[in-house]
J.: 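Before we start, here is the structure in question, set down as structure tokens.
So you know, we letter chains A, B, ... as the sequences are listed, proteins then strands, and number each from 1.
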Number of protein chains: 2
Amino acid sequence: MTHDTAPSRKADTRMRLLDAAEAVARRLGPGNLSLDAVAAEAGVSKGGLLYHFPSKSKLLEALVAHHLSRLDAALRAEEATGRPNAAITAYMDQFLQEAARQKPPASGLLAALAENPQLLDPIRARERDFLARIRADSTDPDFATVAFLVVHALRAMKMLDTEVLDEAEAQSMIGWLNRRLQDGDT
Amino acid sequence: MTHDTAPSRKADTRMRLLDAAEAVARRLGPGNLSLDAVAAEAGVSKGGLLYHFPSKSKLLEALVAHHLSRLDAALRAEEATGRPNAAITAYMDQFLQEAARQKPPASGLLAALAENPQLLDPIRARERDFLARIRADSTDPDFATVAFLVVHALRAMKMLDTEVLDEAEAQSMIGWLNRRLQDGDT
DNA sequence: TTGACTGTACCGGCTGGACGGTATAGTTGC
DNA sequence: GCAACTATACCGTCCAGCCGGTACAGTCAA
């Protein structure tokens with residue numbers, strides 16, 4: 001029970017706790033996230049949880065940071081090509097990949113929002129940054145902004161489990177935008 | 001202090017309570033909405049609050065219903081003209097009007113979501129309904145869907161206090177969409 | 001090599017406060 | 001005289017954060 005072949009037991013437990021927090025938030029509702037429930041879900045005691053995250057706020061903060069770093073890493077790689085419209089294209093691709101993964105990105109984010117809206121400040125800042133980059137390197141800033149907003153809406157719907165458009169419709173929507181982007185009409 | 005020129009004291013108090021709930025949700029965060037805080041904000045005793053809404057769940061339900069009825073009334077009126085693209089045009093106009101009003105629509109909705117995501121089911125259903133109508137009476141369903149999603153994104157951002165685009169940018173975005181709709185390009 | 005000591009990772013019980021809801025007795029205005 | 005409240009007290013539950021442990025791996029000195 002005390003072997004340690006994994007790279008880091010600590011990092012693994014941290015990750016399990018973050019995953020557990022998202023699962024619980026999705027199951028019980030963003031406002032009903034309790035530390036006890038998270039600990040139980042992760043198979044860790046409450047003390048153990050508080051060892052890794054000294055307060056609930058820190059846990060939610062980590063949840064936001066984790067979400068951000070995943071998105072950011074995926075984007076920077078794709079965006080580095082430097083072609084025109086690279087930023088918006090990467091943004092759309094990233095969404096498609098994220099959507100294709102079975103794991104619903106689900107919202108520990110909503111739990112963070114429920115507890116303290118300020119926790120989402122980093123996300124707001126990053127989103128503004130994305131839009132600026134998207135407009136900067138696009139051939140048609142207005143249209144690129146439209147594409148950005150469409151992706152934003154699709155993500156928001158997934159987060160809220162809304163499903164106004166199904167998977168296929170969302171994909172065809174993205175395809176439609178991509179085609180317009182390459183045609184470059186004004 | 002005890003004048004009563006309004007049509008109904010009961011309805012007035014109900015409205016004040018709903019407004020107070022939204023204000024508190026915005027100030028304390030959606031997950032920190034307490035009945036005591038709402039009663040205090042509205043200048044009503046806790047007993048009075050529970051007289052009108054026998055449980056917190058009922059209050060949140062009423063918040064959702066209130067939001068829905070306002071949106072619906074505004075839309076049906078504008079949509080009744082029967083012209084092509086009437087639905088999506090009405091949807092966009094409605095957003096602009098709502099945005100122009102000083103009152104941030106703010107989200108008692110988020111409070112409802114935090115407590116129990118199922119409370120938003122009526123909103124999801126209505127949103128699906130809107131999209132269906134929008135596609136049905138539009139000259140270019142794909143483009144109408146894009147417009148719908150853009151408005152959706154702008155609303156979501158307002159709700160989350162994101163402000164990625166400012167008022168003027170949002171308006172110019174809507175204007176851009178409107179122009180495309182009237183040109184009727186494929 | 002052994003025994004004292006240290007730091008890390010984690011356990012689980014407890015407490016104090018917040019909050020939803022109940023109860024009840026009184027008050028005001030139409 | 002009833003509907004629409006006010007005022008206050010109270011109960012039970014939930015929950016964040018705290019704290020005193022435990023297990024164990026590594027270190028280092030004698």
Side-chain angles (χ1 to χ4, degrees), chain A residues 1-21 23-25 27-63 108 111-116 118-119, chain B residues 1-21 23-25 27-63 108 111-116 118-119:
Chain A
M1 199 197 288
T2 47
H3 290 290
D4 196 349
T5 45
S8 163
R9 198 156 104 261
K10 178 164 184 173
D12 177 62
T13 303
R14 254 184 79 98
M15 198 63 69
R16 264 168 46 225
L17 285 167
L18 291 175
D19 286 348
V24 170
R27 199 168 59 241
L28 275 355
N32 303 322
L33 185 74
S34 73
L35 296 186
D36 293 270
V38 171
E41 176 87 14
V44 168
S45 75
K46 192 171 180 183
L49 165 57
L50 283 165
Y51 172 78
H52 288 280
F53 303 100
S55 74
K56 189 178 185 180
S57 211
K58 290 284 182 190
L59 170 63
L60 296 173
E61 215 172 281
L63 225 46
L113 171 67
E115 194 83 9
N116 177 5
Q118 292 187 359
L119 288 171
Chain B
M1 201 196 287
T2 47
H3 289 290
D4 194 351
T5 44
S8 160
R9 197 156 107 263
K10 177 165 185 172
D12 177 62
T13 302
R14 254 186 78 100
M15 198 64 69
R16 262 170 46 227
L17 285 167
L18 290 174
D19 286 348
V24 171
R27 198 169 57 244
L28 276 348
N32 303 321
L33 185 75
S34 73
L35 296 185
D36 294 270
V38 172
E41 174 86 16
V44 168
S45 72
K46 192 177 178 181
L49 166 56
L50 284 163
Y51 175 80
H52 287 281
F53 304 100
S55 73
K56 188 179 185 181
S57 212
K58 291 285 182 190
L59 170 63
L60 296 173
E61 218 171 280
L63 224 47
L113 171 66
E115 194 85 8
N116 176 6
Q118 292 187 359
L119 287 171

J.: A:Leu59 CG to D:dG17 P: how many Å, rounded?
T.: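 It is 10 Å, rounded to the nearest whole Å.
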
J.: Nearest to the side chain of B:Ser55, which nucleotide is it out of C:dG21, D:dA16, C:dC11?
T.: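 Nearest nucleotide to the side chain: C:dG21.
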
J.: Determine the contact category for B:Ser34: base if any of its heavy atoms lies under 4.0 Å from a base atom, sugar-phosphate if only primed atoms, P, OP1 or OP2 are that close, otherwise nothing.
T.: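 Sugar-phosphate contact only - B:Ser34 comes under 4.0 Å of backbone atoms but never of a base.
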
J.: Whole Å only: how far is the CG atom of B:Leu49 from the C1' atom of D:dA7?
T.: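 Taking atom C1' of D:dA7 as the reference, CG of B:Leu49 is at 15 Å.
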
J.: Which part of the nucleic acid, if any, lies within reach of B:Leu33 when heavy atoms closer than 4.0 Å are counted: base, sugar-phosphate only, or nothing?
T.: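 Sugar-phosphate contact only.
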
J.: Please check the phosphate of C:dC10 (OP1 and OP2 only) for any side-chain N or O of A:His52 closer than 4.0 Å.
T.: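 Affirmative; the distance criterion is met.
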
J.: According to a strict under-4.0 Å criterion, is B:Thr13 in side-chain N/O contact with OP1 or OP2 of D:dA4?
T.: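 Answer no for this pair, as no side-chain N or O of B:Thr13 is under 4.0 Å from OP1 or OP2.
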
J.: What heavy-atom pair brings B:Ala25 and B:Leu33 nearest, and what distance separates the two atoms?
T.: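 The answer is N-CD1, 3.8 Å.
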
J.: NA contact type, B:Leu50, heavy-atom cut-off 4.0 Å: base, sugar-phosphate, or nothing?
T.: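 Contact class for B:Leu50: base.
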
J.: Provide, to the nearest angstrom, the distance between the CG atom belonging to A:Leu35 and the P atom belonging to D:dC18.
T.: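 From A:Leu35 CG to D:dC18 P: 11 Å.
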
J.: For B:Glu115 and B:Gly47, take the nucleotide of DNA chain C holding the closest heavy atom to each; which residue's nucleotide lies nearer the 5' end?
T.: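 By nearest-heavy-atom nucleotide position, the 5'-most residue is B:Glu115.
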
J.: For the pair B:Arg16 and B:Glu41, find out whether any cationic side-chain nitrogen is under 4.0 Å from an anionic carboxylate oxygen.
T.: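 Looking at B:Arg16 and B:Glu41, the cut-off is not met.
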
J.: Quickly work out the B:Leu28 CG to C:dA18 P distance and round it to whole Å.
T.: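 Rounding to the nearest Å, CG of B:Leu28 and P of C:dA18 are 13 Å apart.
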
J.: Say whether, by atom type as modelled, one donor and one acceptor occur between the side chain of B:Asn32 and the main chain of A:Glu115 under 3.5 angstrom.
T.: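 Yes; at least one donor-acceptor contact below 3.5 Å.
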
J.: For a quick test of reading the model: is some side-chain N or O of B:Tyr51 closer than 4.0 Å to OP1 or OP2 of D:dA4?
T.: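 So the side-chain polar atoms of B:Tyr51 do come within 4.0 Å of the phosphate oxygens OP1 or OP2 of D:dA4, strictly under.
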
J.: Heavy atoms only, 4.0 Å cut-off, all strands: where does B:Lys56 land among base, sugar-phosphate and nothing?
T.: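 Sugar-phosphate only.
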
J.: Just the rounded figure in Å: distance from P of C:dG20 to CG of B:Asn116.
T.: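 Rounded to the whole Å, the gap is 15 Å.
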
J.: Send over the distance from A:Lys46 NZ to D:dG17 C1', rounded to a whole Å.
T.: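 Interatomic distance, NZ of A:Lys46 to C1' of D:dG17: 7 Å.
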
J.: CD of A:Glu61 versus P of D:dA16: gap in Å, rounded?
T.: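 To the nearest whole Å, that distance equals 16 Å.
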
J.: B:Asp12 CG to C:dG29 P: how many Å, rounded?
T.: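 Roughly 15 Å, once rounded to whole Å.
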
J.: Considering non-hydrogen atoms only, spot the tightest contact between A:Phe53 and A:Lys58 and give its length.
T.: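 Distance-wise, the nearest heavy atoms are CD2-O, 4.2 Å.
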
J.: Can you give me the closest heavy-atom contact between A:Val38 and A:Leu17, atom names plus distance?
T.: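 The answer is CG1-O, 3.8 Å.
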
